[in-house]
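First the structure, in the form of structure tokens, and then the observations on it.
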Amino acid sequence: MNGKIKIFSKANMLDQNLKMTLVLIITVLFSIFFNNTFILGEIICRLPPVSQFSSPLMRMIFLVFLGVVSYVAILPFNYGRDIWFYENAKKNKLSLKKLFFYYSIKKSSGAIKILFSVQIRKLLATLLFLVPSIAVGAYLIYALRDGIGELMMLSLAVSFFLLLLTGLFFSFVYCQKYILAPYLFYENEGCSAREIISFSSKIMENKCFDTAMFKLSFFPWYLLYILVFPAVYVYPYYKTSISFKVLSLLTK
């Protein structure tokens, strides 16, 4: 089935290269801007009228505040972009305006709420799976302070990396239970975020591993990002494939 999804995705992308390239460019520009607002914060803090009255503590608080605002501000765009690909997979050709549709006052709160709810759960789950590697890493750092044998240090270092990779893998698999939440919320905007996430988890029961493997099958394609230009094809291909995967999960 996953192979057919990729075939459907490639067919769906035909004659849409320009539009999907524009989606990629807009995504990159938004990511660069919202992920680098600390540069704007630094410039503001160094302005003579501001620097005279700002202390290191105030500067740190301002930069943290700016970071939080940037994180929240990009969520409606991320939601709109995923919905754009989702509708595209359903053969509904939307204009690029849909990318910014959820910046309206009525729509933004829902998009922010569902994505934040999902991402905070993913973060907590990942931290839980990483507890063993964090514990070993902390012990390794502590042991290095008092001196440690080379064999012991090597054993702890290998254990740390193995536990880290294992934790990341299993957390990645576990977090697939939330993959349907944004799309279910889109189809059922009257429901609460908690209800949607619970519904997503129920549908994804026994399907998380297969979904995770489907995503990881794109790893060789991710490596092409290093060459920059292939991203023009890889990014839309991946997002379209995920949308088709979501449709197949919702219709089973």
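Since the structure is predicted, the reported quantities are computational estimates derived from the model, not experimental observations. Hydrogens, waters and symmetry mates are skipped; everything else that's a heavy atom, side chains included, is used. Residues take their numbers from the sequence shown, with the count starting at 1.
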### Message
Atom OH of residue position Tyr103 - does it have more than 12 heavy atoms of other residues, nucleotides or ligands inside 6.0 Å?
### Response
yes

### Task
Tell me, with the steps shown, if Leu124 and Leu128 meet side-chain contact (heavy atoms from CB on, under 4.5 Å).
CA-CA 6 Å; Leu124 293 175; Leu128 182 62; over 6 Å; no

### Results of ring-ring contact (aromatic ring centres under 6.0 Å, His included) for Phe244 - residues two or more places apart only
none

### Message
Taking the cut-offs as 6.0 angstrom to the six-membered ring centre and 45 degrees off its axis, would you call Lys98 and Phe101 a cation-pi pair?
### Response
yes

### Query
Which residues satisfy the salt bridge (charged side-chain N to carboxylate O under 4.0 Å, His left out) test with Lys90, sequence neighbours excluded?
Glu87, Glu187

### Message
So for atom NZ, which belongs to Lys4, do other residues, nucleotides or ligands contribute more than 12 heavy atoms lying within a distance under 6.0 Å?
### Response
no

### Message
Can you give me the closest heavy-atom contact between Asn12 and Ala89, atom names plus distance?
### Response
ND2-CA, 4.3 Å

### Query
Under a 4.5 Å cut-off applied to non-hydrogen side-chain atoms, are Tyr238 and Ile242 in contact?
yes

### Members sharing Val158's hydrophobic cluster (side chains within less than 4.5 Å)
Leu154, Leu162

### With Lys113 via side-chain hydrogen bond (donor to acceptor under 3.5 Å, both in side chains) - residues at least two apart
none

### Query
Above 12 or not: heavy atoms from other molecules or residues under 6.0 Å from CG of Asn92?
yes

### Task
Decide whether Trp84 and Leu250 are clustered together by the hydrophobic rule: side chain heavy atoms of Ile, Leu, Val, Met, Phe, Trp, Tyr closer than 4.5 Å, transitively.
yes

### Partner residues of Ser248 under the side-chain contact (heavy atoms from CB on, under 4.5 Å) criterion, sequence neighbours left out
Met1, Ile5, Lys245

### Side-chain hydrophobic cluster, 4.5 Å single linkage: members besides Ile141
none

#### Entry: Set of residues satisfying side-chain hydrogen bond (donor to acceptor under 3.5 Å, both in side chains) with respect to Tyr237, sequence neighbours excluded
none

### Message
Pair Ser9, Thr240 - check side-chain hydrogen bond (donor to acceptor under 3.5 Å, both in side chains), show working.
### Response
CA-CA 6 Å; Ser9 300; Thr240 302; 5.9 Å; no

### Query
Any chance CZ of Phe34 has more than 12 other-residue heavy atoms, nucleotides or ligands included, within less than 6.0 Å?
yes

### Query
Can you name the side-chain hydrogen bond (donor to acceptor under 3.5 Å, both in side chains) partners of Thr37, sequence neighbours left out?
Ser70

### Message
List the residues meeting side-chain hydrogen bond (donor to acceptor under 3.5 Å, both in side chains) with Ser117, not counting sequence neighbours, and say none if there are none.
### Response
none

### Message
Through direct or indirect side-chain contacts below 4.5 angstrom among Ile, Leu, Val, Met, Phe, Trp and Tyr, which residues connect to Val69?
### Response
Phe65

### Task
Determine whether more than 12 heavy atoms belonging to other residues, nucleotides or ligands lie under 6.0 Å from atom CZ of Phe33.
no

### Task
May I ask whether Tyr186 and Phe100 are part of the same hydrophobic cluster, defined by side-chain heavy atoms of I, L, V, M, F, W, Y residues being less than 4.5 angstrom apart, directly or through others?
yes

### Query
Quick one: salt bridge (charged side-chain N to carboxylate O under 4.0 Å, His left out) partners of Lys239, sequence neighbours excluded?
Asp82

### Atom CZ of Phe199: over 12 foreign heavy atoms under 6.0 Å
no

### Query
Are Asn88 and Leu94 side-chain neighbours, meaning at least one heavy-atom pair lies under 4.5 Å?
no

### Message
I'd like to check the salt bridge (charged side-chain N to carboxylate O under 4.0 Å, His left out) partners of Glu195; sequence neighbours left out, ordered by chain and number.
### Response
none

### Query
Under a 4.5 Å cut-off applied to non-hydrogen side-chain atoms, are Ile26 and Phe77 in contact?
yes

